[in-house]
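Structure first, then comments.
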2 protein chains.
Amino acid sequence: MGRAGVSVERLVAAAAEMADEVGFENVTLSALARGFGVKDASLYSHVRNLKELRTRLALFAGGEMIDRIAAAVAGRAGKDALAAFAGAYREYAHRHPGRYAATQIRIDQTLVADSPAMRRTAGITYSMLRAYGLDEPDLTDAVRLLRSTFHGYCALEATGGFAAPRDVDASWDKAVDALHTALTHWPREER
Amino acid sequence: MGRAGVSVERLVAAAAEMADEVGFENVTLSALARGFGVKDASLYSHVRNLKELRTRLALFAGGEMIDRIAAAVAGRAGKDALAAFAGAYREYAHRHPGRYAATQIRIDQTLVADSPAMRRTAGITYSMLRAYGLDEPDLTDAVRLLRSTFHGYCALEATGGFAAPRDVDASWDKAVDALHTALTHWPREER
DNA sequence: CCTCCTGCCTAGAGCCTCTAGGCTAGAGCC
DNA sequence: GGCTCTAGCCTAGAGGCTCTAGGCAGGAGG
């Protein structure tokens, strides 16, 4: 009986597939082992435990996602860039619900901080926002607003939170418009 | 050995406590049974299965949450009402992370639709927004924007998503301000 | 050619959900 | 007071999951 050829990379890739099919929560080392034709105990020589697999999946998905977003934003500015960012974000969340869910788990901050994907994400977001003429700390506040709205919308959509008959794509476009006006009329301290 | 006196209500209440302590995901029928001094199989005569317990908890938490929000919003209007809504929302999410997580699970839409809590939530939100002079479908779009931002912010906060040194309360206030300006300058179709 | 290490294995503990079937105390009826 | 019915608990057991400990074999490198 030859070796099955499991590796961390193949494991994470398989986990990504499985997450999109059955949900991030339901990705199981047992099921992955079955997929590789291997006993589940064997996977523990490639990955410390389930938690480690999940954070690897999270970093993988985060990188994949920011690649798509970067490609969409490239060469655009202002409202165009914002819309492209938003569109790519939501499209990834739709196409890869399991991987997207993975990006939202709590991860050791030291791990996240020196992950290249995170740095890239921050860079792209901040440079996109600089077009609105914001300075710190408004810049950080605006980034948090955008992330919150984007994530919240996708999360609520994913759990079936939008029951009203109104088209969800139209609401999304409106939300992006509204964020644009919020950014252009950003509330400054008056004094 | 007398009866332990388990009931659906006590079960849900205990689950709510446990969810806030160990996280919604980690609420387990076994652990609840241990808490009641009862074998886990016994709980299945009060609740069909884990899923049913979870949706019961979700409806319970949803009702509790909208009660707090309603109390906070009462007697206020416009930006005041928005800020009160937002504050009560986030405070509940902070104080009861497990229950809040419960409110975000996917639930059978027919169950949700005729839950009184849901109707109340919709009523309060829509009436709060009418102060901004919006009509359908903008009203629904605006509700979705608010829910998305509120939920997204709390979710990201909960998973440690805001690593920057900027104070998270200040960013929240700014976000609420920004939403207010977005609502007052709501993007209309120009034609 | 030999050694070592990698990649797999078996065995087993522990925790979880959920089903099937049975016993019993107390409530309601005659 | 006796009778029945049922709610609320029980034991037994199957099956899925994570994870540890220890073993074996085949291919790569000295």
Side-chain angles (χ1 to χ4, degrees), chain A residues 1-60 97-99 101-102 105-108 111, chain B residues 1-60 97-99 101-102 105-108 111:
Chain A
M1 198 173 282
R3 312 237 159 156
V6 180
S7 69
V8 191
E9 290 74 24
R10 292 189 61 198
L11 208 45
V12 171
E17 295 291 322
M18 185 175 293
D20 288 337
E21 282 163 19
V22 304
F24 175 72
E25 301 283 299
N26 302 317
V27 170
T28 207
L29 282 170
S30 296
L32 285 172
R34 273 193 295 275
F36 280 105
V38 141
K39 297 294 172 182
D40 49 347
S42 306
L43 299 187
Y44 286 84
S45 45
H46 297 97
V47 125
R48 203 194 319 275
N49 50 28
L50 181 61
K51 185 180 173 190
E52 189 191 302
L53 176 71
R54 285 181 166 166
T55 89
R56 290 195 113 98
L57 177 52
L59 294 175
F60 168 77
R99 305 181 198 201
I105 62 171
R106 163 166 247 124
I107 296 188
D108 182 13
L111 257 180
Chain B
M1 199 174 282
R3 312 236 160 158
V6 179
S7 69
V8 190
E9 290 74 24
R10 293 189 61 200
L11 207 46
V12 171
E17 294 291 322
M18 186 175 293
D20 288 338
E21 283 163 19
V22 303
F24 175 72
E25 302 283 298
N26 302 317
V27 170
T28 209
L29 281 170
S30 295
L32 285 171
R34 273 193 296 275
F36 280 105
V38 141
K39 297 294 171 185
D40 50 346
S42 305
L43 298 187
Y44 286 84
S45 44
H46 296 97
V47 126
R48 203 194 317 276
N49 50 28
L50 180 60
K51 185 181 173 189
E52 189 191 302
L53 176 72
R54 285 180 166 167
T55 90
R56 291 196 114 98
L57 177 52
L59 295 175
F60 169 77
R99 305 182 198 201
I105 63 172
R106 161 166 248 124
I107 296 188
D108 182 13
L111 256 179

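Just so it is clear, the structure is predicted and the values come from calculations on it, not from any experiment. The sequence lines fix the lettering, A, B, ..., with proteins before strands; numbering per chain opens at 1.
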Rounded to the nearest 0.5 Å, what's the gap from [atom1] on [X] to [atom2] on [Y]? Could you check?
| X | Y | atom1 | atom2 | answer |
| --- | --- | --- | --- | --- |
| A:Arg10 | A:Leu32 | CZ | CG | 11.5 Å |
| A:Asp108 | A:Thr55 | CG | OG1 | 8.5 Å |
| A:Leu59 | A:Ile105 | CG | CD1 | 8.0 Å |

Could you tell me the separation between the [atom1] atom of [X] and the [atom2] atom of [N], rounded to a whole number of Å?
| X | N | atom1 | atom2 | value |
| --- | --- | --- | --- | --- |
| A:Asp40 | C:dC8 | CG | P | 13 Å |
| A:Lys39 | D:dC19 | NZ | P | 19 Å |
| A:Asn26 | C:dC16 | CG | P | 18 Å |
| A:Leu43 | D:dC17 | CG | P | 12 Å |

If every non-hydrogen atom of [X] is compared with every non-hydrogen atom of [Y], which pair is closest and at what distance?
| X | Y | value |
| --- | --- | --- |
| B:Tyr44 | B:Asn49 | CE2-CA, 4.0 Å |
| A:Ala102 | A:Ala58 | O-CB, 3.2 Å |
| A:Ile107 | A:Leu111 | CG2-CB, 4.1 Å |

Only counting residues at least two apart or in another chain, list the ones meeting side-chain hydrogen bond (donor to acceptor under 3.5 Å, both in side chains) with B:Asp20.
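Once residues adjacent in sequence are excluded, the partners of B:Asp20 under the side-chain hydrogen bond (donor to acceptor under 3.5 Å, both in side chains) criterion are B:His96, B:Arg99.
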Stretch residues 44-56 of chain A: residues that reach within less than 4.0 Å of DNA chain D through a heavy atom
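Residues of residues 44-56 of chain A under 4.0 Å from DNA chain D: A:Tyr44, A:Asn49, A:Leu50.
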Heavy atoms within less than 4.0 Å of DNA chain D: which residues of residues 28-35 of chain A have one? Give them sorted by number.
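Going residue by residue through residues 28-35 of chain A, the ones with a heavy atom under 4.0 Å of DNA chain D turn out to be A:Thr28, A:Leu29, A:Ser30, A:Arg34.
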Which stems does DNA chain C form, counting runs of 3 or more consecutive Watson-Crick or G-U wobble pairs with both distances under 3.5 Å?
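Runs of three or more consecutive pairs: C:1-30 with D:1-30.
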Name every donor-acceptor pair, under 3.5 Å, that has one atom in a side chain of residues 22-31 of chain A and the other anywhere in the protein, sequence neighbours excluded.
unit_1	atom_1	unit_2	atom_2	d
A:Asn26	ND2	A:Val22	O	2.8

Is any side-chain N or O of B:Ser42 closer than 4.0 Å to OP1 or OP2 of D:dC10?
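For D:dC10, OP1/OP2 do have a side-chain N/O of B:Ser42 under 4.0 Å.
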Any donor-acceptor pair under 3.5 Å from A:His46 side chain to A:Leu11 backbone:
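Pair absent, no side-chain N/O of A:His46 close to backbone of A:Leu11.
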Pairs flagged by salt bridge (Lys or Arg N to Asp or Glu O under 4.0 Å) wherever residues 27-52 of chain B is involved - sequence neighbours left out:
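For residues 27-52 of chain B, and leaving out neighbouring residues, the salt bridge (Lys or Arg N to Asp or Glu O under 4.0 Å) pairs sorted by first residue read B:Arg48-B:Glu52, B:Glu52-B:Arg56.
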